[in-house]
Undergrad: 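To start, I am sharing the structure in question, which I have written as structure tokens.
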Amino acid sequence: MTTAISVSGVVKSFGRSRALDGLDLSVDVGEVHGFLGPNGAGKSTTIRVLLGLLRADAGQVSLLGGHPWRDAVALHRRLAYVPGDVNLWPNLTGGEAIDLFGALRGGLDRRRRDELLERFELDPTKKARTYSKGNRQKVAVVAAFASDVELYILDEPTSGLDPLMEAVFQECVREVKRQGRTVLLSSHIFSEVEALCDRVSIIRQGRTVEAGTLAELRHLTRTAISVETARSIDGLVELPGVHDARVDGTHARFDVDSAELDAVLQHLHRFELRALTSTPPSLEELFMRHYGNDAGTGTGDDGSGSGDGDGGRGADSRMAGV
Amino acid sequence: MGGNLTGTVRLTRLALRRDRIQLPLWILGTTVLSSTSYTAVREQFPTEADRVTALRTAVDAPAILMLRNAPTGTSDGDMMAFQILAFLAVLAGFMSTLAVVRHTRQNEETGRSELIGSMVVGRHASLTAAMIVTAGANLVLAALLALALIGNGLPAAGSVAFGLGVGAAGLTFAAIAAVAAQVSQGARAANGIAAAAIGAAYLVRGLGDAFGEVQPDGYTMTSAWPSWLSPIGWTTLVQPFAGNRWAVLVLPAVFFAALLGTAFALADRRDIGMGMLAARPGPARAAAGLLSPLGLAWRLQRGTLFGWAVAIGLFGVTIGSLAGTVEDAFAGNEGAARTIRELGGGGALSDAFFTAMLAMVGAMAAGYVVQAMLRLRSEEAGGRVEPVLATATGRLRWLGGHLVVAAFGAVALLLLAGVSAGLVAGLGNGDLGDRLVDLGAAALVQAAPALIMIGYVVLLFGLAPRLTVALAWLGYAVSLVFGQLGELLNLPQAVRDVSPFSHVPALPSADVTATPLVLLGVVAVALGAAGLILFRRRDLAL
Ligand SMILES: Nc1ncnc2c1ncn2[C@@H]1O[C@H](COP(=O)(O)OP(=O)(O)OP(=O)(O)O)[C@@H](O)[C@H]1O
Ligand SMILES: [Mg+2]
């Protein structure tokens, strides 16, 4: 079995609103798979369908070779889940909650648990009511990584973590990846996805609009550059990967596809660089670029039917181009 | 206004805005209820003779006295106070405690207070604003009640006493809620403490009235000493329309001032969002007993169960110790004895008394069960079920954990009531063995309606998760009114039969009959099974 998660054409409606509208997702065993999409795109809903907490209205879902609804209990022994919003029992300590999740999952590695507590600098004797958002998140993350499972499903696991803890988290993901485990990582933090993921799927309004390796995705990212040189710049506009260039003698501002960055900088060297600032695309900009141009009918949750259609076509054309 | 109170005016305005619909509804509802009761009294008991007959029956029936209060006379005002006064005090109590908790702890929990805390407000401002609003609401309630009654043509002094009595109860409970909001670990717990205080006050007052002394006229009575220990008792002891004993109002005033002072002192030593009792560290590792769905359910529920156990245990001891008193009180009064025997289904006087009292215990156990089972919904809505069901815990095992705890809790509470009553009554009387068996069994049959309530809540939870809380309490209230009060309200038998309480054999007065118990059991299992099937098939409702 090489496919850990396979979702195709899944539809899920809540009353009249369609949260998932023919979503596809394929995650191979052993890969770290990024799961991106704007707020309300349907990431958490997809994950809940995968966990058998919600039942899909239509479409095929297979998880570790089983059916997420029918085989829920057996499958859950083999996976660990970190919810997007970690809610704990106010009267239980963090340590108790971790042990409880571990035991309910079918056991956890004590040594690993204690080691993770140390690395995440989490005090297990505090009552959950006194934990900050970040610390609640750590409880779920420690409980997940202390479990010996095949698949980790993580829904925005680092949304409350500080940069130091974010680094520890990334280490943990790399460790389980080295052991050949599979990770589905939903995230809004592009640097995190970039650092960890082999492949990503980007969804919007319940549909997959982009799926591919990071290199392919990076291809689509652009960095904003502003340079000052000793001699007048020319030939910049014609270079592949350069967009929206404004050249004014020895000054130039432009966006460049990350894949072409090196070639463009070598070109600029010829004019003696004096100063250079580069602004990597923020996640926001990336999303704007992905969704703004050819699916500009709206970025809200509840796009109209025609908006959905545009999004779908845009995605197809981009996928073909990759 | 400087220092601690800075910002109070602004917070008060904010609170008034938030409550602009809720509080007027409470106040108007309570006022309308009193007017309705006045009309009902005039229709139901048009003549002096009707009234005397009704009251003569009432003073002989402790169960009626527990639910109403000690009658003080036969005038329109007296009759209305008899019917509704204690109940209005309860309503004012809930209006006040909910409001105080809403504007203190609940604010903190929703993060509103942290927002407010970053504005310029003193540390007493939020509590002060809550108390101003609540006190104002009670003042308005008192005034409206008085005006409404005067408008109906009742004597002015009595009407004012009536309104003030109800308002005073509201204020007293507001102060209790203010303290509860400081000590407890959250809004939920604070509301729980305050509700328990209201319940206890009602019960203690009920005992005071049930064992009050019948006056020579044979239809009015003076409450016994327990009434003086209860804020609701203080309201009835004012005796509006009869004595108009204004001096009694000093008690709630002093109590209010003392508790309010305590609440402010406590507020000085507390961090926003924390209780007085919170922050102690706990175990770094889970005990083995916690590590299962049942273990978790027990851990989450045990606090509630212990609280109920204390209350029900005390109630058991109280009614046990009153067994002798009942026999004595009615020894010389053959008419009264006959009434109570009829009410309890014949047999010895004290048996009839116990039947009536254990029916109350049954109602309490069913109430506990509803509260315990509603954990299912609060766990789901609070997002705490999701991570549990994402582990290798099946839905039935998770739900089963709470179900087992609720059923066990109900049986344990009933046994506790039966055994504590039997122990105390038996030791006083020298027939310990018999009493224990009789009262233990009499309490245990009350488990049947509790089990039905479990099945009913499971069904609601499987069928309509978002409506579970409201429908569960509605069903409980309807069962209670139809079953426990059906006779008093003269409801048709068919309506009374809807309630599971109507089918419980009246032990120890009557004999055990297996058929209704078996049928109740079957219904409980059927409801529960349907609910489980539905829950397994539905989406989590987050
Ligand atoms: N239980 C529910 N009832 C009704 N609508 C829901 C429910 N759960 C999700 N939705 C809707 O489905 C859509 C997808 O929500 P979902 O939580 O899956 O988004 P998401 O991609 O996880 O967003 P975020 O990045 O904000 O976490 C949203 O429009 C949301 O409002
Ligand atoms: Mg989400």
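Here is how names work: the chains are called A, B, and so on, in the same order as the sequence lines, proteins then strands, and each is numbered from 1.
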Undergrad: Mind listing the closest non-hydrogen atom pair of B:Arg536 and A:Trp69 along with its distance?
TA: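 Heavy atoms of B:Arg536 and A:Trp69 come nearest at O-CZ2, 3.3 Å.
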Undergrad: Taking 4.5 Å as the heavy-atom cut-off, does anything in residues 302-313 of chain B contact chain A, and if so which residues?
TA: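 Expected list: none.
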Undergrad: Counting only pairs under 3.5 Å, give me each side-chain donor-acceptor contact of residues 100-109 of chain A, with atom names and distances, residues two or more places apart or in other chains.
TA:
from: A:Arg105; atom 1: NH1; to: A:Ala143; atom 2: O; distance (Å): 3.1
from: A:Arg105; atom 1: NH1; to: A:Ser147; atom 2: OG; distance (Å): 3.0
from: A:Asp109; atom 1: OD1; to: A:Arg111; atom 2: N; distance (Å): 3.1
from: A:Asp109; atom 1: OD1; to: A:Arg112; atom 2: N; distance (Å): 3.3

Undergrad: Enumerate, atom names and distances included, each donor-acceptor pair closer than 3.5 Å involving a side-chain atom of residues 50-61 of chain A, sequence neighbours excluded.
TA:
from: A:Arg55; atom 1: NH2; to: B:Arg537; atom 2: O; distance (Å): 3.4
from: A:Asp57; atom 1: OD2; to: A:Ser13; atom 2: N; distance (Å): 2.7

Undergrad: Determine whether more than 12 heavy atoms belonging to other residues, nucleotides or ligands lie under 6.0 Å from atom CZ of A:Phe14.
TA: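 Yes, CZ of A:Phe14 has more than 12 neighbouring heavy atoms, counting only those of other groups under 6.0 Å.
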Undergrad: Check this for me, if you would: do B:Asp539 and A:Lys12 make a salt bridge, where the nitrogen-to-carboxylate-oxygen distance has to be below 4.0 angstrom?
TA: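 Result for this pair is yes, salt bridge flagged.
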Undergrad: Just so I understand: if I count every heavy-atom pair under 4.5 Å between each of A:Val86, A:Leu75, A:Leu79, A:Leu92 and chain B, which residue has the most?
TA: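 Top count of heavy-atom pairs under 4.5 Å with chain B: A:Leu92.
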Undergrad: For A:Gln179, look at atom CD and say whether over 12 heavy atoms of other residues, nucleotides or ligands are found less than 6.0 Å away.
TA: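 Above 12, so yes.
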Undergrad: Would you give me the side-chain donor-acceptor pairs under 3.5 Å for residues 281-300 of chain B, sequence neighbours excluded?
TA:
from: B:Arg285; atom 1: NH2; to: A:Asp114; atom 2: OD1; distance (Å): 3.2
from: B:Arg285; atom 1: NH2; to: A:Asp114; atom 2: OD2; distance (Å): 2.6
from: B:Ser292; atom 1: OG; to: B:Gly295; atom 2: N; distance (Å): 2.9
from: B:Arg299; atom 1: NH1; to: A:Glu96; atom 2: OE2; distance (Å): 3.1
from: B:Arg299; atom 1: NH2; to: A:Asn91; atom 2: O; distance (Å): 3.4
from: B:Arg299; atom 1: NH2; to: A:Glu96; atom 2: OE1; distance (Å): 3.2

Undergrad: Pick whichever of A:Leu117, A:Thr93, A:Leu88, A:Thr125 has the most heavy-atom pairs under 4.5 Å with chain B.
TA: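 When all of A:Leu117, A:Thr93, A:Leu88, A:Thr125 are compared, A:Thr125 has the most.
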Undergrad: If only atom types and distance count, is the side chain of A:His76 paired as donor or acceptor with the main-chain N or O of B:Thr391 below 3.5 Å?
TA: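 Pair found, side chain donor or acceptor close to backbone of B:Thr391.
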Undergrad: Looking at chain B, which one of A:Asn87, A:Ile98, A:Val149 has the largest number of heavy-atom pairs inside 4.5 Å, strictly under?
TA: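 Maximum pair count with chain B is reached by A:Asn87.
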